[in-house]
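Note that the structure is a prediction, hence the values are computed from the model and not measured. So that the names make sense, note that chain A is the first sequence line, chain B the second, and so on, each numbered from 1.
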There are 2 protein chains.
Amino acid sequence: MPPAPEPQPALDEQIAIYQREYRDLDTQVEKVVNALSRLDRRMNVAYGRQLALLGLGHAEWEVLKELVMVGAPYQLWPGTIAKRLGLTPAAMTHRIDRMLAQGLVTRERDPENRVRVIVGITDEGREKWLQVMRKASVFEEDLLQDLTKVERTLLGELLTRLLRRVEDAQPDASGRLTDLD
Amino acid sequence: MPPAPEPQPALDEQIAIYQREYRDLDTQVEKVVNALSRLDRRMNVAYGRQLALLGLGHAEWEVLKELVMVGAPYQLWPGTIAKRLGLTPAAMTHRIDRMLAQGLVTRERDPENRVRVIVGITDEGREKWLQVMRKASVFEEDLLQDLTKVERTLLGELLTRLLRRVEDAQPDASGRLTDLD
DNA sequence: AAGATAAAGTTCGATGCTAAAGACTACACA
DNA sequence: TGTGTAGTCTTTAGCATCGAACTTTATCTT
């Protein structure tokens with residue numbers, strides 16, 4: 001008898017096991033959190049497949065996204081990108097190096113402050129972003145195909161409220177998410 | 001004038017910009033997907049803080065989770081863990097090495113098949129898992145504090161349906177998520 | 001039985017990330 | 001003006017991961 005079955009257990013089954021191991025578990029909460037985490041993983045795998053087809057990695061995609069998201073003229077300081085992506089400045093330096101070599105971005109010194117650097121996107125970079133978006137939107141539509149318009153709106157609404165809680169409330173020293181003011 | 005404001009734009013604002021850059025965007029779908037992705041990132045940051053306090057990294061935590069999740073006698077083959085976590089077998093070898101040195105897991109040859117290895121969890125590993133769960137459940141309750149019981153159930157239900165779509169349907173060659181059986 | 005094939009895990013070389021130290025610029029204050 | 005101080009990016013060393021080749025064991029085929 002093998003030490004474990006191969007396939008990943010279904011979500012509800014997994015929660016049930018957790019509860020056996022940890023009595024005080026709130027199964028309702030745990031279900032939401034685990035579903036979120038599993039969904040994000042699956043989505044990233046799916047995106048990764050499409051990115052690979054276009055010769056991009058997740059790293060490059062993240063940076064292109066930030067540059068487009070900021071709107072015209074599509075410029076950011078490396079430090080800003082790093083902060084938003086949760087990376088160190090060192091990692092950004094190297095990412096920009098690689099993306100520069102691929103012709104996806106530009107890098108120049110900020111004329112107003114020579115210590116600063118301005119990263120911009122090239123036409124090719126913008127084109128790549130668009131191609132990925134087209135592929136991604138197909139996948140996302142497939143993902144949500146079982147939900148009605150009303151359900152989609154509701155889901156977006158509920159998630160936004162969670163996001164607001166975690167983004168607007170700075171956690172205190174013990175990590176608690178408190179007052180939103 | 002700086003090339004970009006420091007703080008990350010709010011979700012709705014971000015979606016609006018995306019739509020300016022990509023006309024055909026379904027804002028409803030995009031809102032769900034982006035909220036999901038942003039939530040997962042924030043959650044991982046929060047977990048990371050608690051893990052660091054206990055001297056654990058995300059890598060160790062993932063492995064402990066899989067071992068507990070499988071139930072007694074808490075044993076798995078390295079390859080199974082690797083598959084479920086989306087890692088290569090090589091990475092698992094090194095993770096087990098490190099966790100062995102920390103006394104979190106055990107490693108022995110499978111008596112039924114000498115090529116195979118059985119990874120088990122130690123009492124200390126189980127205790128660490130429990131400590132993390134206690135911390136995590138506090139954070140998760142805080143995260144969901146604005147939702148009523150009904151809303152929590154509904155959210156869990158909607159997410160489960162998405163998960164079912166992406167986990168049960170193998171994507172075809174073009175990456176589409178189709179028929180569920 | 002004997003050899004081919006398949007499967008599991010480890011080893012090896014290369015890549016990308018982090019933390020820490022370093023270099024450079026701008027600004028504050030004497 | 002000169003010096004200190006803070007902020008931004010780059011460099012360096014160490015570590016985790018991946019892809020690929022290799023070792024060992026079990027199973028299939030004849």
Side-chain angles (χ1 to χ4, degrees), chain A residues 1-7 41 44-45 48-49 51-52 55-64 66 75-102 104-120, chain B residues 1-6 41 44-45 48-49 51-52 55-64 66-67 75-102 104-120:
Chain A
M1 177 175 148
E6 269 305 321
R41 166 158 311 195
N44 283 330
V45 169
R49 263 194 299 267
L51 289 171
L56 288 178
H58 183 68
E60 288 81 6
W61 167 240
E62 280 186 316
V63 174
L64 289 181
E66 292 297 330
Q75 294 180 336
L76 283 170
W77 296 318
T80 303
I81 307 177
K83 226 169 287 180
R84 292 188 185 174
L85 297 181
L87 298 174
T88 61
M92 274 315 301
T93 297
H94 297 311
R95 279 198 185 185
I96 302 302
D97 285 345
R98 300 196 303 270
M99 295 179 70
L100 213 52
Q102 298 174 55
L104 299 172
V105 297
T106 60
R107 172 165 53 189
E108 50 184 309
R109 304 219 76 92
D110 187 336
E112 294 183 12
N113 184 335
R114 288 244 224 332
V115 145
R116 286 196 159 134
V117 169
I118 294 183
V119 177
Chain B
M1 174 176 143
E6 269 304 321
R41 166 159 312 202
N44 282 330
V45 170
R49 262 195 300 269
L51 289 171
L56 289 177
H58 182 68
E60 287 82 5
W61 167 240
E62 279 186 316
V63 175
L64 289 181
E66 292 297 330
L67 283 170
Q75 294 181 337
L76 284 170
W77 295 317
T80 304
I81 308 178
K83 227 170 285 177
R84 293 188 183 172
L85 297 181
L87 298 174
T88 60
M92 272 316 301
T93 296
H94 297 311
R95 279 197 185 185
I96 301 301
D97 284 346
R98 298 195 303 272
M99 295 180 70
L100 212 53
Q102 298 173 55
L104 298 171
V105 298
T106 59
R107 172 165 52 188
E108 50 185 309
R109 304 218 78 91
D110 187 336
E112 294 184 12
N113 184 335
R114 285 229 188 35
V115 148
R116 285 196 160 133
V117 169
I118 295 182
V119 178

Between [options], spot the one nearest the side chain of [X], thanks.
X	options	value
A:L87	C:dG16, D:dT10, C:dT18	C:dT18
A:R98	C:dC17, C:dG9, D:dC9	C:dC17
A:R95	D:dG19, C:dC17, C:dT11	C:dC17
B:V115	C:dT10, C:dA8, D:dT11	C:dA8

Spacing between [X] atom [atom1] and [N] atom [atom2], to the nearest angstrom:
X	N	atom1	atom2	value
B:Q75	C:dA8	CD	P	17 Å
B:D110	D:dT27	CG	P	11 Å
B:H94	D:dG14	NE2	C1'	14 Å
A:E108	D:dT8	CD	P	18 Å
B:H58	D:dC15	NE2	C1'	17 Å
B:K83	C:dA7	NZ	C1'	10 Å
B:E112	C:dA8	CD	C1'	15 Å
B:M92	D:dT17	CE	P	9 Å

Distance col, row A:T88:OG1 vs A:K83:NZ, nearest 0.5 angstrom, shows 13.0 Å
Rounded to the nearest 0.5 Å, how far apart are CZ of B:R98 and CG of B:L104? 11.0 Å
[X] side-chain N/O to [N] phosphate OP1/OP2 under 4.0 Å:
X	N	answer
B:R109	C:dA8	no
A:R114	D:dG7	no
A:R107	D:dT10	yes
A:R116	C:dC24	no

Remember a base hit wins even if backbone is also touched, and classify [X] as base, sugar-phosphate or nothing at under 4.0 Å, heavy atoms.
X	result
A:A90	base
A:G57	nothing
B:P78	sugar-phosphate

Comparing A:N113 with A:A59, nearest DNA chain C nucleotide closer to 5' gives the residue A:A59
Nearest heavy-atom contact between A:E60 and A:Q102 is OE2-NE2, 3.5 Å
Would you say the side chain of B:V119 lies within less than 4.5 Å of the side chain of B:Q75, judging by non-hydrogen atoms? no
Output yes when B:R95 and B:E66 qualify as a salt bridge under the 4.0 Å nitrogen-oxygen rule, no when they do not. no
